[in-house]
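All remarks here apply to the structure that follows.
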Amino acid sequence: MLSRRSLLVSGSALTLAQTLPLSAKTLKPPIAEVILKTNSIHGDTRIDDYFWLREKTNPKVISYLKAENTYTAAIMAPTVKLQKQLYQEILGRFKQTDLSVPEKSKDYYYYTRTIEGQQYPIDCRKKGSLAASEEIMLDQNALAKGKDYFRVGISIVSPDQKLLAYTVDTNGAEKYEIQIKNLSTGQTLSDRMNNTAGYTLAWAKDSQTLFYVTLDAAQRSNQVYRHHLGENKDTLVLEEKNELYNVDITATRSEEYILISSSGFKSSEVYYLDANTPKVDFKSFAPRIEDVLYSVDHRGDKFYILTNEDALNFKVMEALVVAPEKVNWTQRVAHQATVLIEGIDLFKNYLVVYQRTEAVRRIHIYDLVRNVDHQVDFPEVVYTFINASNPEFNTQTLRFIYTSLATPRSVYDYNMDSRERVLKKKDEIRGYTAQRYQSERIYATASDGTKVPISLVYKKGLVKNGKNPTYLYAYGSYGFSTDPIFSAARVSLLDRGFVYAIAHIRGGQEMGRSWYDQGKLLNKKNTFTDFIACAEYLIAQNYTNSAKLAISGASAGGLLMGAVTNLRPDLYKTVVAKVPFVDVINTMLDPTIPLTVEEYTQWGNPNDKEYYDYMKSYSPYDNVIAQNYPNILITAGLNDPRVAYWEPTKWTAKLRKLKTDHNLLLLKTNLGAGHGGPSGRYDAIKETAFEYAFVLTTLGIKNSPT
């Protein structure tokens with residue numbers, strides 16, 4: 001990534017330094033050993049002083065990570081009181097003993113509940129009515145006992161509702177074990193399947209056959225197996241050998257079909273099987289075509305196909321089950337140039353289409369019996385919704401979770417016939433009154449003239465005097481859109497006068513599929529310049545100034561942080577880069593690393609000189625130079641399979657060596673977790689409190705919440 005001279009020298013560190021005890025003021029940061037390694041390709045030689053930090057089994061690596069953690073703890077020691085205050089503030093807003101809205105499926109009502117003091121939810125159900133006695137399906141606290149990390153990826157009840165299949169990860173490495181519980185006896189079966197993908201499972205209709213997905217050496221989900229309860233040998237039913245594709249498996253809501261999707265970022269292929277005949281071979285629904293994505297669902301005598309063939313923003317087609325060949329497809333929902341179709345849900349009488357336009361999500365409902373359709377209305381300009389699981393097929397009720405930057409999560413049941421909605425539950429956020437806050441949508445102008453949406457929230461009465469502390473977040477990769485959802489933790493910032501902003505930069509799909517295309521491969525730099533334009537616009541419009549601006553991103557959003565910090569270090573006071581993907585060249589040249597090969601369609605293949613040169617021009621690790629940098633907090637997870645711990649670690653080491661300022665540079669590595677950080681809800685709040693304490697202190701915010 002390119003760099004520019006910083007206008008900030010050391011002022012941002014002085015605020016914290018003034019409060020440090022003498023031992024911390026004189027504490028020297030760890031200095032990573034320099035072991036020269038050269039890498040040559042396309043006639044270009046790069047020097048990597050810290051390649052050795054990839055050696056996870058090397059005791060010197062673990063010692064260095066621990067030394068960085070010790071240094072970070074010492075520097076942040078004066079903020080411990082503030083961290084505790086923030087933790088209590090955030091925790092105090094939550095109803096710790098709580099119950100989700102029960103969701104009906106066949107004979108049972110399913111729900112989760114939490115108990116104060118316990119880290120994990122308890123999954124429960126009641127038969128027939130909510131007045132029935134409770135059955136505990138899965139007490140995650142009991143399963144997690146004695147473990148530093150515990151996460152359930154997915155849990156699925158068998159069609160006869162007697163068995164529960166679920167996946168478990170106990171170290172954050174995202175290699176899950178499948179376990180099966182008999183819900184009648186409470187016993188866990190001896191059946192075990194290891195090295196599996198954590199979020200994809202499907203039961204056949206016999207409730208004895210389970211389909212699951214395993215991982216290859218690079219943690220690509222590449223094989224689908226069939227397991228029959230009680231049998232020791234499972235059957236491989238499909239293997240995807242092309243490294244650009246991953247497989248997943250699901251059952252349709254109708255329960256009539258099992259679907260395997262083998263998909264990459266540019267094209268896909270679906271295989272289908274009658275759920276009543278699990279031992280029959282899967283059939284390809286339509287052959288894979290370059291640059292064509294499609295997915296399939298089922299209702300009655302028809303399949304419904306969501307595809308982008310000759311439809312950039314996707315369209316919905318349908319075909320008879322007895323004649324699913326593409327030649328027989330007919331159009332149900334047409335393509336629109338300004339409206340992206342993100343997905344569909346099918347019910348006995350309804351087709352639900354989830355859309356996005358102008359950075360706003362919409363729900364469009366088609367009554368397939370009466371042949372009428374309508375759009376669901378929402379009360380705010382800046383909002384979003386979260387799709388609920390909606391397990392019932394024969395229903396008029398669509399459940400969704402409405403939220404905005406100012407509105408807590410609100411569960412609604414929407415009658416697709418009468419168009420009436422019933423609020424089933426709004427999250428109880430103690431001490432919070434939505435009417436005290438204001439959200440809005442503004443637009444910055446990018447360097448090429450493109451209008452970039454920014455979603456904002458702040459406390460009413462804010463004066464745009466250019467002095468408000470501001471927290472600017474963005475992601476901007478893989479076509480993932482960043483929605484304006486509510487955060488109870490964020491109130492601790494808003495009540496201290498912060499403006500919270502989301503930059504909907506190119507690389508996501510907030511403005512349609514082309515928004516994504518304009519932010520990947522040889523257009524990737526648009527993501528960075530869009531973000532810079534958003535930061536500059538917030539300053540130009542007197543929301544804030546550079547000395548009060550903190551920015552944040554995680555994973556590929558951490559790449560964004562590294563890029564814009566190299567490009568414009570003068571523009572921000574503080575940077576929070578969580579599990580950042582920053583060593584782009586080295587990672588994308590190593591096909592043994594998880595995600596590398598399949599992501600050639602996102603970043604390009606650096607074995608091609610054109611892509612190599614382009615990547616090298618923005619890769620954060622490769623573009624660190626001797627200049628002043630803002631305060632930077634970097635996080636990593638030792639077991640992270642998505643962004644290996646060594647990327648943020650190497651970046652930290654190189655920044656320490658080259659930066660010319662006295663601002664803070666901290667690396668905090670979770671030695672017992674992966675990409676998502678700690679698994680327990682209380683531990684997650686502690687992490688947020690730590691981050692907020694860093695931001696507040698480096699921005700010089702000393703006031704208590706009002």
Side-chain angles (χ1 to χ4, degrees), residues 197 199-200 202 211 213 220-222 224 237-254 256-275 281-337 339-347 351-356 364 366 368 387 478-481 509 512-517 520 598-599 601-602:
Y199 297 92
T200 179
F211 293 93
V213 175
R220 180 176 64 94
S221 53
N222 70 318
V224 179
V237 298
L238 186 141
E239 180 176 13
E240 178 53 79
K241 296 183 178 180
N242 191 319
E243 292 179 303
L244 293 176
Y245 298 87
N246 282 271
V247 296
D248 63 45
I249 190 160
T250 188
T252 60
R253 182 177 283 108
S254 68
E256 295 301 323
Y257 288 90
I258 307 292
L259 302 173
I260 296 174
S261 175
S262 179
S263 58
F265 288 104
K266 296 177 64 179
S267 57
S268 60
E269 184 168 4
V270 174
Y271 302 84
Y272 69 105
L273 172 71
D274 187 326
D281 291 338
F282 282 80
K283 297 179 181 179
S284 174
F285 191 84
R288 184 181 296 157
I289 299 176
E290 184 69 20
D291 295 325
V292 173
L293 291 163
Y294 76 93
S295 59
V296 177
D297 206 342
H298 168 259
R299 167 192 167 266
D301 62 351
K302 291 182 180 179
F303 287 118
Y304 290 75
I305 307 102
L306 177 63
T307 178
N308 68 345
E309 186 170 17
D310 301 319
L312 179 63
N313 284 326
F314 291 85
K315 61 187 176 184
V316 180
M317 309 293 284
E318 60 184 21
L320 291 172
V321 168
V322 295
E325 296 80 12
K326 187 180 290 187
V327 67
N328 298 320
W329 294 6
T330 58
Q331 182 171 280
R332 165 57 70 170
V333 181
H335 170 262
Q336 297 182 66
V339 179
L340 172 68
I341 300 178
E342 294 184 309
I344 63 173
D345 269 334
L346 278 167
F347 301 90
L351 165 66
V352 179
V353 179
Y354 301 107
Q355 303 172 326
R356 188 183 295 272
H364 204 101
Y366 294 81
L368 300 176
N387 301 4
Y478 302 110
F480 296 161
S481 299
Q509 289 189 134
R513 189 74 175 175
S514 64
W515 202 246
Y516 165 46
D517 292 337
K520 68 176 183 178
E598 61 197 84
E599 294 195 354
T601 56
Q602 298 300 301

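Bear in mind the structure is a predicted one, so any value in this text is a computation, not a measurement.
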_Leu351 vs Arg332, side chain to side chain contact (heavy atoms under 4.5 Å, CB included): CA-CA, chis, key distance, verdict_ = CA-CA 10 Å; Leu351 165 66; Arg332 165 57 70 170; 3.8 Å; yes
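- Taken to the nearest 0.5 Å, the OG atom of Ser514 stands 9.5 Å off from the CD atom of Gln509.
- Residues Arg513 and Trp515 fail the side-chain proximity criterion, which asks for heavy atoms closer than 4.5 Å.
- When all heavy atoms are compared, the tightest approach of Ile289 to Lys326 is CD1-NZ, 3.2 Å.
- Taken from CG in Leu273 to NZ in Lys283, the straight-line distance is 9.5 Å, to the nearest 0.5 Å.
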*Give the intermediate values and the outcome of side chain to side chain contact (heavy atoms under 4.5 Å, CB included) for residues Tyr271 and Phe285.*
CA-CA 5 Å; Tyr271 302 84; Phe285 191 84; over 6 Å; no
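- Using a 4.5 Å cut-off on side-chain heavy atoms (C-beta onward), Arg356 and Val339 make no contact.
- Of all heavy-atom pairs between Ile258 and Ala251, the closest is CD1-CB, 3.9 Å.
- Across every non-hydrogen atom of Thr601 and Lys520, the tightest pair is O-CD, 4.0 Å.
- Using a 4.0 Å cut-off between charged side-chain N and carboxylate O, Lys266 and Glu290 make a salt bridge.
- In this structure, Lys315 has no salt bridge (Lys or Arg N to Asp or Glu O under 4.0 Å) partners at least two apart in sequence or on a different chain.
- Side-chain contact between His298 and Arg253 is absent, with no heavy-atom pair separated by less than 4.5 Å.
- Within the 4.5 Å cutoff, side-chain heavy atoms of Val316 are placed close to those of Ile344.
- Between Val333 and Tyr366, some side-chain heavy-atom pair lies under the 4.5 Å cut-off.
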_Run Asp301 and Leu320 through side chain to side chain contact (heavy atoms under 4.5 Å, CB included) and show every step you take._
CA-CA 6 Å; Asp301 62 351; Leu320 291 172; 4.0 Å; yes
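- In the model, Glu240 has a side-chain atom that pairs as donor or acceptor with a side-chain atom of Ser262 under 3.5 Å.
- Here the closest heavy-atom approach between residue Ala319 and residue Pro324 is recorded as CB-CA, 4.1 Å.
- Looking at Phe211, Tyr257, Tyr272 one by one, the single match for ring-ring contact (aromatic ring centres under 6.0 Å, His included) with Phe282 turns out to be Phe211.
- At least one side-chain heavy atom of Asp517 sits less than 4.5 Å from a side-chain heavy atom of Leu312.
- Glu598 and Asn246 share a side-chain donor-acceptor pair at under 3.5 Å.
- With a 6.0 Å cutoff to the six-membered ring centre and a 45° limit on the axis angle, Arg299 does not count as a cation-pi contact of Phe347.
- For the pair Arg288 and Tyr245, the cation-pi test (distance below 6.0 Å, angle within 45°) is passed.
- No side-chain donor from either of Tyr294 and Asn308 sits under 3.5 Å from a side-chain acceptor of the other.
- Using a 4.5 Å cut-off on side-chain heavy atoms (C-beta onward), Val321 and Phe303 make contact.
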*asked:* For a side chain to side chain contact (heavy atoms under 4.5 Å, CB included) check, start with the C-alpha distance between Thr252 and Leu259, then their side-chain angles and the critical distance, and finish with the verdict.
replied: CA-CA 7 Å; Thr252 60; Leu259 302 173; 3.7 Å; yes
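- For the atom pair OG (Ser263) and CG (Leu244), the distance works out to 11.5 Å, reported to the nearest 0.5 Å.
- Nearest heavy-atom pair across Val213 and Asp248 is CG2-CA, 4.2 Å.
- If you check the side chains of Tyr516 and Gln602, you find a donor sitting under 3.5 Å from an acceptor.
- You'll find the ring centres of Tyr478 and Phe265 inside the 6.0 Å limit.
- Between the side chain of Thr200 and the backbone N or O of Ile249 there is at least one donor-acceptor pair closer than 3.5 Å.
- The CD1 atom of Ile305 lies 10.5 Å from the NZ atom of Lys302; values are rounded to the nearest 0.5 Å.
- The one candidate from Asn313, Thr307, Leu306 that meets the side-chain contact (heavy atoms from CB on, under 4.5 Å) condition with Ile341 is Leu306.
- Here the straight-line distance linking atom CD of Glu309 with atom NE2 of His335 works out to 13.0 Å at 0.5 Å rounding.
- In plain terms, the two heavy atoms of Ser267 and Asp291 that are nearest each other are CB-N, 3.9 Å.
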